Amino acid sequence: MQFDHPIMQRLIIIFLCAFITSCSGQDNSSISKKSSQVNTATSFKKEIPTYKNGGVDLFYELKKQKEKQLNLDSLESGFDSLQIRIWYDYALLINRELIVIKRTNGKWSAEHYQMAVDWDAFKTTEVIKINKIKSVLPKSGWDNFFNKLLSFKIMTLPNMDDISGLEDNWTDGVTYNIEIATKKQYRFYGYHLPDKFQDKFWQAKNMTEILSLISTELRQ
């Protein structure tokens with residue numbers, strides 16, 4: 001297990017914060033570009049961040065754990081017609097959140113999950129202890145809300161670690177992971193504290209705008 005990786009540092013800091021008084025710079029050399037797979041028979045594209053050692057993004061693995069415990073269907077084979085999930089991971093807290101946005105059979109729906117978890121940094125497992133689910137509706141209406149999401153490029157934003165020139169030296173704070181599934185595509189990408197980088201990187205600014213919009217419209 002590579003504890004010098006920036007994502008691992010963010011996750012285990014809850015155990016280390018009592019023993020350290022300062023944080024050093026982080027080594028981003030183990031981050032690789034996105035992993036893309038295309039099924040030539042169906043033209044279905046799958047995109048999941050990976051590390052250079054071949055491992056899959058840790059937040060993706062944690063997402064799969066929570067997904068199973070919440071009895072949510074996997075999106076990795078696609079969804080008819082669109083589903084977007086926004087996962088909130090609070091590094092120093094037990095709290096987790098999930099926003100699920102769906103369009104199926106021409107109808108929109110959304111749910112807000114609020115969770116408390118037992119997090120084991122050494123086994124890299126999360127066990128959900130408390131879960132509250134509430135159906136929500138965008139305050140400005142579905143058309144206006146979704147058009148704004150599209151204007152901020154929620155469907156095509158890159159994974160933060162793939163943005164050239166962006167160096168993330170923060171060891172704690174909130175990480176946001178986005179899952180998107182359509183009939184032809186599955187994507188998973190993440191941003192850590194995008195507001196810290198929004199002045200220099202438009203991608204981080206767009207992510208900040210997306211989170212602000214979702215907070216205003218759906219996190220009621």
Side-chain angles (χ1 to χ4, degrees), residues 1-26 28 31 49 51 55-72 84-101 110-136 154 157 159-161 166-179 188-198 204-220:
M1 185 177 297
Q2 297 183 355
F3 291 106
D4 62 337
H5 192 279
I7 292 177
M8 284 300 299
Q9 287 186 341
R10 294 202 292 268
L11 290 170
I12 66 173
I13 195 170
I14 190 171
F15 289 89
L16 299 181
C17 62
F19 303 98
I20 61 175
T21 57
S22 63
C23 298
S24 61
Q26 300 171 58
N28 289 317
I31 295 286
Y51 308 135
V56 178
D57 182 275
L58 181 56
F59 285 103
Y60 166 77
E61 297 289 1
L62 293 173
K63 179 276 304 183
K64 290 175 67 176
Q65 293 179 26
K66 293 192 289 288
E67 176 182 78
K68 186 175 181 179
Q69 294 174 65
L70 294 170
N71 294 316
L72 294 173
I84 300 172
R85 296 176 183 172
I86 303 97
W87 299 86
Y88 296 70
D89 188 292
Y90 300 90
L92 297 177
L93 303 173
I94 64 172
N95 305 79
R96 303 289 185 267
E97 289 187 66
L98 168 64
I99 298 288
V100 178
I101 300 167
E111 292 178 317
H112 182 196
Y113 292 71
Q114 294 176 291
M115 296 163 273
V117 302
D118 278 346
W119 158 243
D120 188 323
F122 298 100
K123 294 181 179 178
T124 59
T125 59
E126 285 184 335
V127 178
I128 298 172
K129 295 298 185 180
I130 299 174
N131 177 38
K132 298 179 181 178
I133 309 172
K134 180 170 62 175
S135 294
V136 289
I154 191 171
L157 281 179
N159 190 51
M160 187 171 123
D161 290 324
L166 193 157
E167 295 185 7
D168 181 8
N169 293 316
W170 296 84
T171 54
D172 58 2
V174 189
T175 299
Y176 310 90
N177 291 284
I178 312 294
E179 275 189 289
F188 184 92
Y189 66 89
Y191 280 74
H192 176 236
L193 296 175
D195 57 301
K196 302 296 184 182
F197 309 99
Q198 62 178 326
K205 180 173 177 57
N206 276 27
M207 189 68 223
T208 302
E209 296 286 1
I210 288 168
L211 295 168
S212 177
L213 177 66
I214 289 173
S215 182
T216 299
E217 296 275 1
L218 296 179
R219 293 176 68 207
Q220 303 165 9

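When reading the values below, keep in mind they use all heavy atoms of this one structure, side chains included, and skip hydrogens, waters and symmetry mates. Since we're looking at a predicted model, the values are computed, not measured.
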Exercise. Search all heavy atoms of G190 against all heavy atoms of N177 and return the closest pair with its distance.
Key: CA-OD1, 3.3 Å
Quiz item: Can you tell if the side chain of T124 reaches within under 4.5 Å of the side chain of E61, non-hydrogen atoms only?
Solution: no
Quiz item: Would you call K196 and W170 a side-chain contact if the rule is heavy atoms closer than 4.5 Å?
Solution: yes
Quiz item: Are the side chain of T208 and the backbone of A204 linked by a donor-acceptor contact shorter than 3.5 Å?
Solution: yes
Quiz item: Do R85 and F188 meet the cation-pi criteria used here (NZ or CZ under 6.0 Å from the six-membered ring centre, within 45° of the axis)?
Solution: no
Practice problem: Hey, could you give me the CG/NZ distance between D195 and K205, rounded to the nearest 0.5 Å? | Solution: 11.0 Å
Self-check item: Pairwise side-chain contact, I178 with I84, heavy-atom cut-off 4.5 Å (strictly under)
Solution: yes
Exercise. For residues R96 and Y113, determine if any side-chain heavy atom of one lies less than 4.5 Å from a side-chain heavy atom of the other.
Key: no
Self-check item: Pairwise distance CG(L157) to CG(N206) - rounded to 0.5 angstrom
Solution: 5.5 Å
Quiz item: What is the minimum heavy-atom distance between A91 and G173, and which atoms define it?
Solution: CB-O, 3.4 Å
Quiz prompt | Residue among Y191, Y88, F59, W87 satisfying ring-ring contact (aromatic ring centres under 6.0 Å, His included) with Y176 | solution = Y88
Exercise. State the CD1-CD distance between I99 and Q114, to the nearest 0.5 angstrom.
Key: 8.5 Å
Quiz item: Short question: side chain of Q198, backbone of P194 - any donor-acceptor pair under 3.5 Å?
Solution: no
Practice problem: State, without any angle test, whether Y90 and E97 hold a side-chain donor-acceptor pair at a distance under 3.5 Å. | Solution: yes
Exercise. Would you give the length of the straight line joining atom CD1 of I128 to atom CG of D118, rounded to the nearest 0.5 angstrom?
Key: 11.0 Å
Self-check item: Audit row: M160, F197, side-chain contact (heavy atoms from CB on, under 4.5 Å) steps and yes/no
Solution: CA-CA 10 Å; M160 187 171 123; F197 309 99; 3.7 Å; yes
Quiz item: Got a salt bridge between K134 and E111, using NZ or NE/NH1/NH2 to carboxylate O under 4.0 Å?
Solution: no
Quiz item: Got a second to check how far L98's CG is from M115's CE, nearest 0.5 Å?
Solution: 5.0 Å
Quiz prompt | N/O donor-acceptor pair under 3.5 Å between T216 side chain and S212 backbone | solution = yes
Quiz prompt | Minimum-distance pair of heavy atoms, taken over all atoms of L218 and H112 | solution = O-ND1, 4.3 Å
Exercise. Show the numbers, then the answer: is there a side-chain contact (heavy atoms from CB on, under 4.5 Å) between Y189 and D161?
Key: CA-CA 9 Å; Y189 66 89; D161 290 324; over 6 Å; no
Quiz item: For W119, does its backbone N or O pair with a side-chain atom of E126 as donor and acceptor, under 3.5 Å?
Solution: no
Quiz item: Can you name the nearest heavy-atom pair linking Y51 to L58, along with the distance?
Solution: OH-N, 2.9 Å
Quiz item: Say you draw a straight line from CG of L166 to NE2 of H192; how long is it, rounded to the nearest 0.5 Å?
Solution: 11.5 Å
Quiz item: Would you call V127 and V117 a side-chain contact if the rule is heavy atoms closer than 4.5 Å?
Solution: no
Quiz item: Closest heavy-atom contact between T125 and Q65?
Solution: CA-OE1, 3.2 Å
